[in-house]
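Presented below is the structure to which this report refers.
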Amino acid sequence: MAMKPAESPEVMAVRPDESELLDVETIKKDFPILDQQVNGRRAVYLDSAASSQKPTAVIAAMTDYYETTHANVHRGVYTWAEEATARYEASRGKVRRFINARSDAEIIYTKNVTEAINLVSNSWGRANLRAGDAVLLSEIEHHANLVPWLMLADSLGIELRYLPLGDDGQLDLTDLDRLVDGVKLVGITAMSNVLGTITPLERIIEAAHAAGAIVLVDAAQYVPHLATDVQALGADLFAFTGHKMLGPTGIGVLWGREELLEAMPPFLGGGDMIRDVRLDGFTTNELPWKFEAGTPPIAEAIGLGVAIDYLQALGMEAVRRHEVEITAYAMRTLTERHGDRLTIHGPVEPSMRGGVLSMDFAGLHPHDISQVLDSHGVCVRAGHHCAKPLMRKLGVGATARASFYVYNDEADVDALSDALTDAADFFG
Ligand SMILES: Cc1ncc(COP(=O)(O)O)c(C=O)c1O
């Protein structure tokens with residue numbers, strides 16, 4: 001299934017004031033990696049959906065922590081240990097404010113969004129699901145929100161149902177009420193990493209709650225790009241990952257409603273997650289530490305806090321506006337220039353999607369495209385994007401995917417476009 005973009009998608013009904021747009025030229029200077037050449041060309045990084053680049057402020061905060069005050073957290077009562085704990089916990093407060101959670105107790109640090117979802121499937125899933133119970137997912141999920149449930153289906157015998165993808169690149173909600181009936185949990189992406197589709201979360205959450213199910217949102221592609229208010233969205237569990245939002249690798253977040261997290265058993269066992277341990281049993285620590293066994297990713301949490309500072313200084317409304325603008329520019333100019341040789345999967349309307357363009361181009365293999373693009377300094381992802389069931393649904397084995405973030409501008413899109421022309425010429 002291939003969805004062609006409209007000839008000239010409208011960017012926005014009202015163009016924003018210049019002052020409300022991102023100053024990408026200045027932003028680029030904050031990202032030292034972008035100052036490099038790749039294969040003798042200006043680096044054009046178009047793979048932020050896989051992992052974003054990091055501003056100097058994030059790298060510096062992590063280095064400063066290691067150079068000035070590294071010690072383990074929640075343990076020592078000496079100055080460095082107390083300062084490390086203070087920085088680690090201050091970052092949690094930044095995350096809470098960024099997504100408008102009610103309390104720090106609701107912010108659990110994990111390794112990434114994958115671990116956050118595994119935490120839910122193992123903790124909530126094993127405590128609440130029995131053979132024959134149903135979980136509703138969708139056909140556009142990343143493997144991170146499929147495999148943990150497939151594993152649970154194998155071991156517990158639960159039933160998995162799937163919301164289908166419609167021809168317009170949106171989820172088809174025609175059968176939502178029937179599919180959600182009797183379901184105990186709905187696990188849904190907020191934005192597809194392949195199609196850019198922004199899913200109708202409110203509608204799905206409303207139907208799930210009416211059916212008595214809780215909702216877990218995979219917000220890996222959403223939180224980096226859109227202002228997030230977990231209380232307003234009304235989900236029960238919300239997971240995202242630091243490295244896609246200008247933060248370091250090795251840190252993710254699970255937000256959950258406090259009473260739900262309270263009722264969930266611990267996931268990993270060990271130090272820090274306990275209140276007391278005897279040889280015949282243990283009691284668990286309070287939230288959020290009940291779910292943070294062992295030495296946590298301290299520098300990474302600090303780095304994530306600074307990434308959030310950076311995004312907030314830009315303003316999430318401006319971040320989203322920029323994404324819609326650059327996506328519209330890319331869809332319009334790539335389509336105009338490459339015509340029928342190019343198929344862009346997903347919704348045709350830029351304001352209905354994220355800045356992720358999965359492309360089929362001139363019948364070429366995505367790996368071949370990616371190699372030619374690399375010789376132009378243009379970095380895109382080629383492959384199945386950890387969404388094999390979706391690839392099957394689209395009838396492709398792989399796509400070449402360009403994805404945009406705050407440091408990309410129209411010149412980056414033009415470089416992609418030139419490199420695509422070269423790929424077509426090279427492979428005849
Ligand atoms: C929608 C979505 N979910 C989950 C993930 C997994 O992220 P991580 O590898 O950080 O756990 C990704 C990463 O590409 C993603 O795009």
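Start at 1 and go down the list; that is how both ligands and their atoms are numbered. Predicted model only: the values in this text are computed from it and were never measured. Heavy atoms only: backbone and side chains are in, while hydrogens, waters and symmetry mates are out.
- With a heavy-atom cut-off of 4.0 Å, His243 touches ligand 1 through its side chain alone.
- Within ligand 1, the atoms closer than 4.0 Å to a non-hydrogen atom of Asn112 are 8 (P), 10 (O), 11 (O), numbered from 1 in the order shown.
- Heavy atoms of His385 come nearer than 4.0 angstrom to ligand 1 in no pair at all.
- Here the protein heavy atom with the shortest distance to atom 6 (C) of ligand 1 is Val113 CG1, 3.3 Å.
- Which parts of ligand 1 touch Thr114 is read off a 4.0 Å heavy-atom cut-off, strictly below it: atoms 6 (C), 8 (P), 9 (O), 11 (O).
- Ile251 places none of its side-chain heavy atoms less than 4.5 Å from the side chain of Asn112.
- Atom CD of Glu25 has 12 or fewer neighbouring heavy atoms from other residues, nucleotides or ligands inside a 6.0 Å radius.
- By the 4.0 Å N-to-carboxylate-O rule, Lys111 lies too far from Glu292 to be salt-bridged with it.
- Between the side chains of Asp272 and Asn285, not a single donor N or O lies within less than 3.5 Å of an accepting N or O.
- Residue nearest to atom 2 (C) of ligand 1, selected from Val356, Asn193, Asp218: Asp218 (by heavy-atom distance).
- Considering only non-hydrogen protein atoms, atom 15 (C) of ligand 1 sits nearest to His142 CD2, 3.3 Å.
- Side-chain contact between Met391 and Thr399 is present, with heavy atoms from C-beta onward closer than 4.5 Å.
- The shortest side-chain heavy-atom distance between Arg92 and Pro288 falls under the 4.5 Å cut-off.
- Scanning the protein heavy atoms around atom 16 (O) of ligand 1, the nearest turns out to be Gln221 NE2, 2.7 Å.
- Using a cut-off of 4.0 Å between Lys/Arg side-chain N and Asp/Glu carboxylate O, Arg203 and Glu206 are scored as not salt-bridged.
- Under the 4.0 angstrom criterion for non-hydrogen atoms, His143 is not in contact with ligand 1.
- For atom 14 (O) of ligand 1, the closest heavy atom belonging to the protein is Lys244 NZ, 2.6 Å.
- Side-chain contact check for Val253 versus Val113: every heavy-atom pair is 4.5 Å or farther apart.
- Of all atoms in ligand 1, listed by their number and element, those nearer than 4.0 Å to a heavy atom of Ala144 are 4 (C).
- Taking distance alone, with nitrogen or oxygen atoms compared against 3.5 Å, Thr241 approaches ligand 1 more closely than that limit.
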